[in-house]
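Taking it in order: structure first as structure tokens, then the write-up.
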Amino acid sequence: MTSLSVEMLAADVPESITSAGHAQLGIAVLAGIAVIVLLITKFKLHAFLALTIGSLALGAFAGAPLDKVIASFSAGLGSTVAGVGVLIALGAILGKMLADSGGADQIVDTILARAKGRTMPWAMVLIASVIGLPLFFEVGVVLLIPVVLIVAKRGNYSLMRIGIPALAGLSVMHGLVPPHPGPLVAIDALDANLGVTLALGVLIAIPTVIIAGPVFSKYAARWVDVPAPDRMIPQRPSEDLEKRPGFGPTLATILLPVVLMLARALVEIVVDDPESGVQRVFNVIGSPMIALLASVLVGIFTLVLPAGYDKSRISQLVEKGLGPIAGILLIVGAGGGFKQTLIDSGVGQMILDISADWAIPALLLGWLIAVAIRLATGSATVATISAAGLVAPLAADMSTTHAALLVLAIGAGSVFFSHVNDAGFWLVKEYFGLTVGQTIKTWSVMETIISVVAGALVLLLSLVI
């Protein structure tokens, strides 16, 4: 919670909102979430509007004055956008540079040139995981689908044997590893350490993506044996370019923010002195904004200029990269407003009071809440934001590592069983030319495996660290 909202609510909001009993608050939460689910699924309303209306409904059912609810929602929206908005924007710019410069294609082609036969599914999961670090899920899908279809067709591979590993790599990065919007918002809401969350996220992501990707793809290929549809093979971005950046510089640019953020976390552990000059330097260069900004600036020289872009085209590329994220920023911001309304209404304290009598770990509770909201709304981002708001008070007394694990538990739950209310479901179905049943048996099962395996690994890690 921001200091602004704390001061504001300490003055007059809690008396008017949190005076409601547990039963009324419980009804208010269910009603607010039900309104969001109904608006998104039944009336096909944009998630930004649904979250805004759902926040007002939550406050109304909780018996709070409307002006106080609006103040809470606005404070939450503002603090969330302030916390992660710049990071999402920088990530979008870096992703656009990677795609349009041909850097992503360079990584793909380099790895595929060294992969043959049985190693191809492993090559696909590696490609997707590396490219998925800076790219939003939908962008990654659009970028990698042509590669998946071309490789499957030319190599005479089962489409699922190649496609599932690629989708698994993208989805695991999306749900577990910052700087993707969901993990970033959860880190902000739970006041978790980004470097520790990133390190633990990568640690959990590796076995998760292996099981959900190359291993599961063997079974998916047996259940759904379909060829690559010719009509869906689009042009690759770099086919119009005369030259493109090298493999080494491209990979270094992608990994730069990850290395800087992990270095900061490592220095904090080793030095453990906030006044140390070394730690203060790494606190700056390893902060998410500086790390991503550095990667974008480096990308101009390693990605964009080698592809033959002049100064005016660089400006246009940045502008095009920022355009598509407007909707994402609004959804994330409104989700932050909904989260703040949940907290200010007293729901967080209610969860604390009730869970004190439950024999259920906080990590499992976060996972279950995210699963429920994911199944209802179809949005991993909405599930992450809402679940983080509900369980935020549980993180107050947690250690640094367990707060990071709570972020990852929520992220794991947020990707559970994608089905017909998820845009990603239809994206995969149409690109791969599948029926609804085939998509459920492959994509939906893969998402469930990611969620369950990652959730189990989070619980196991919590026992040893």
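The figures that follow rest on heavy atoms only: side chains count, while hydrogens, waters and symmetry mates do not. Worth saying up front: this structure is predicted, and the values here are computed from it rather than measured.
Applying the salt bridge (charged side-chain N to carboxylate O under 4.0 Å, His left out) definition to pairs two or more places apart or across chains, none involves residues 49-62.
At least one donor-acceptor pair under 3.5 Å links the side chain of S462 to the backbone N or O of L459. Side-chain N or O atoms of S171 include none that pairs as donor or acceptor with a backbone N or O of L167 at under 3.5 Å. With hydrogens and angles disregarded, no donor-acceptor distance shorter than 3.5 Å links the side chain of R374 to the backbone of A383. Side-chain N or O atoms of H402 include one that pairs as donor or acceptor with a backbone N or O of I465 at under 3.5 Å. The main-chain N or O of G76 is found under 3.5 Å from a side-chain atom of S79 such that the two form a donor-acceptor pair. The backbone N or O of L375 lies less than 3.5 Å from a partner atom in the side chain of H419, making a donor-acceptor pair. A donor-acceptor distance shorter than 3.5 angstrom exists from the side chain of Q24 to the backbone of A62, with no hydrogens or angles considered. A donor-acceptor contact shorter than 3.5 Å links the side chain of T448 to the backbone of S444.
A donor atom on one side chain and an acceptor atom on the other are found under 3.5 Å apart for S217 and R161.
The CG atom of L329 lies 11.0 Å from the OG1 atom of T80; values are rounded to the nearest 0.5 Å.
At most 12 non-hydrogen atoms from other residues, nucleotides or ligands lie less than 6.0 angstrom from CZ of F61. Around the CE atom of M398, the shell of radius 6.0 Å holds more than 12 heavy atoms that belong to other residues, nucleotides or ligands.
Ring-plane geometry between F48 and H46 is classed as perpendicular, the angle between the planes exceeding 60 degrees on a 0 to 90 degree scale with a lower cut at 30.
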